[in-house]
Amino acid sequence: MRLTVLAVATACTFSHAALAADKGTIMIMVNSLDNPYYASEAKGANMKAQELGYKTSVLSHGEDVKKQSELIDAAIGKKVQGIILDNADSTASVAAIQKAKDAGIPVVLINREIPVDNVALEQITHNNFQAGSDVANVFVEKMGEKGSYAELTCNLADNNCVTRSKSFHQVLDQYTDMKSVARQDAKGTLIDGKRIMDSILQAHPDVKGVICGNGPVALGAIAALKAAGRNDVIVVGIDGSNDERDAVKAGTLKATVMLQAQAIAAQGVTDLDNFIQKGTKPEKQRVMFRGILINPDNASKVQDFNYKS
């Protein structure tokens with residue numbers, strides 16, 4: 001979806017509703033609008049903000065802390081009413097968020113936390129530990145509680161991915177007949193997932209399963225396995241994109257956990273609106289949304305990181 005580009009944006013912004021009430025503008029900033037997960041966050045926030053009567057400016061920082069700071073400076077200059085932010089770096093983003101707060105602009109964080117409280121108005125994240133545990137239990141079951149397996153982490157610079165890996169091992173390490181033969185960081189990308197899986201297959205041809213830290217990595221592993229003619233390897237992941245949904249339906253991905261990207265973003269906008277309009281602060285500084293385990297029985301309910309119950 002390509003709509004109006006606002007003056008402060010580079011490429012890829014969503015337009016605001018033409019008949020929006022005069023409640024001002026909410027800036028929505030995510031990592032990349034070309035990535036299905038982040039695009040879904042932006043969609044969820046954008047739709048809720050327009051529904052509540054705000055104009056919107058939807059931007060991407062490209063995981064660049066400097067660009068993020070510049071965009072927040074622009075938001076301050078334009079006197080936006082609030083900011084929804086999936087930040088570029090948990091620790092390095094604190095200063096920019098504090099700057100917005102000092103300028104009287106509340107910031108609600110989604111997906112990624114920062115390590116301090118009372119700088120952002122609220123921090124809404126996914127329960128990555130629960131997601132990792134749920135998919136690890138399916139992995140153990142599909143593996144028959146034994147055999148050699150590999151772990152492809154999603155990006156160990158991201159605390160969310162670190163948490164997922166820890167939760168994997170809290171489950172997997174209980175099973176003495178399951179042997180970890182490789183653990184590599186695939187940086188969260190399909191290309192790296194495929195490249196590393198190719199290498200693992202050469203070094204460990206007896207590998208029976210692969211547990212992946214996110215969806216693109218899992219899809220990369222599946223591509224490598226398909227190219228090698230290996231349809232006997234169990235693959236699971238976390239994210240819940242439409243491509244993962246289709247892979248679950250096809251049987252190449254045994255399970256994933258859908259992260260509620262649209263829901264956390266919409267909740268962030270609702271809580272931001274309550275603060276802007278009524279001065280009501282969220283009850284909790286940190287809120288976690290549960291992931292939804294996706295298997296062949298419910299995969300058809302997934303669309304753009306939204307679960308249609």
Side-chain angles (χ1 to χ4, degrees), residues 8-13 26-42 44-45 57-76 80 82-103 105-129 131-132 152-167 184-193 213-217 238-239 259 261 264-265 268 272 285-289 305:
V8 69
T10 51
C12 288
T13 74
I26 289 178
M27 174 185 277
I28 300 159
M29 197 188 319
V30 298
N31 180 15
S32 167
L33 293 168
D34 294 325
N35 176 295
Y37 173 83
Y38 297 115
S40 292
E41 281 186 334
S57 172
V58 183
L59 311 171
S60 60
H61 52 62
E63 215 153 8
D64 183 326
V65 173
K66 182 180 178 182
K67 182 176 181 182
Q68 175 182 268
S69 182
E70 290 171 350
L71 291 172
I72 288 177
D73 284 341
I76 293 169
V80 303
I83 298 172
I84 298 291
L85 174 64
D86 188 340
N87 69 73
D89 179 280
S90 297
T91 301
S93 297
V94 173
I97 297 164
Q98 181 69 56
K99 184 167 48 176
K101 180 182 179 183
D102 292 344
I105 299 174
V107 179
V108 170
L109 298 180
I110 56 173
N111 186 39
R112 286 185 182 174
E113 297 177 292
I114 56 173
V116 293
D117 289 335
N118 301 315
V119 175
L121 177 67
E122 182 181 33
Q123 304 189 46
I124 309 176
T125 58
H126 303 289
N127 190 332
N128 285 286
F129 201 91
L152 302 187
T153 60
C154 52
N155 182 357
L156 292 180
D158 182 342
N159 288 337
N160 289 338
C161 291
V162 174
T163 299
R164 293 175 196 178
S165 182
K166 287 180 179 178
S167 66
Q184 294 192 47
D185 190 355
K187 305 298 183 184
T189 73
L190 187 151
I191 292 172
D192 284 321
N214 77 351
V217 169
I238 294 175
D239 267 349
L259 305 179
I264 67 167
L272 191 60
Q285 174 73 192
R286 297 174 188 262
V287 178
M288 285 197 295
F289 273 54
F305 293 92

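Numbers here simply count residues along the sequence, with the first being 1.
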Find out whether [X] and [Y] are in side-chain contact, i.e. whether some heavy atom of one side chain is under 4.5 Å from a heavy atom of the other.
| X | Y | value |
| --- | --- | --- |
| Glu63 | Asp89 | no |
| Val217 | Asp192 | no |
| Val94 | Pro115 | yes |

Does [X] reach the main-chain N or O of [Y] with its side chain, forming a donor-acceptor pair under 3.5 Å?
| X | Y | value |
| --- | --- | --- |
| Lys101 | Asn118 | yes |
| Gln285 | Asp117 | no |
| Asn155 | Cys161 | no |
| Thr125 | Met288 | no |
| Asn31 | Tyr38 | no |
| Thr163 | Asn159 | yes |
| His61 | Asp86 | yes |

Calculate, to the nearest 0.5 Å, the distance between atoms [atom1] and [atom2] belonging to [X] and [Y] respectively.
| X | Y | atom1 | atom2 | result |
| --- | --- | --- | --- | --- |
| Ile26 | Ile105 | CD1 | CD1 | 11.5 Å |
| Ile124 | Ile84 | CD1 | CD1 | 7.0 Å |
| Ser60 | Asn35 | OG | CG | 11.0 Å |
| Leu71 | Leu59 | CG | CG | 5.5 Å |
| Leu109 | Ile114 | CG | CD1 | 5.0 Å |
| Asn128 | Asn160 | CG | CG | 4.0 Å |

Nearest non-hydrogen partners of [X] and [Y], listed with the distance:
| X | Y | answer |
| --- | --- | --- |
| Ser40 | Ala261 | CB-CB, 4.1 Å |
| Ala100 | Ile83 | CB-CD1, 4.3 Å |
| Leu152 | Gly193 | CD1-O, 3.9 Å |
| Ile76 | Ala103 | CG2-CB, 3.7 Å |
| Ser93 | Ala88 | OG-N, 3.6 Å |
| Gly44 | Ala265 | C-CB, 4.2 Å |

Stepwise side-chain contact (heavy atoms from CB on, under 4.5 Å) test for Phe289 and Leu259: CA-CA 8 Å; Phe289 273 54; Leu259 305 179; over 6 Å; no
The single option from Thr153, Asp158, Asn214 passing side chain to side chain contact (heavy atoms under 4.5 Å, CB included) against Arg164: Asn214
From Glu41, Gln68, Lys67, residue fulfilling side chain to side chain contact (heavy atoms under 4.5 Å, CB included) relative to Met29: Gln68
Val107/Ile72 under side-chain contact (heavy atoms from CB on, under 4.5 Å): CA gap, chis, key distance, verdict: CA-CA 10 Å; Val107 179; Ile72 288 177; 5.9 Å; no
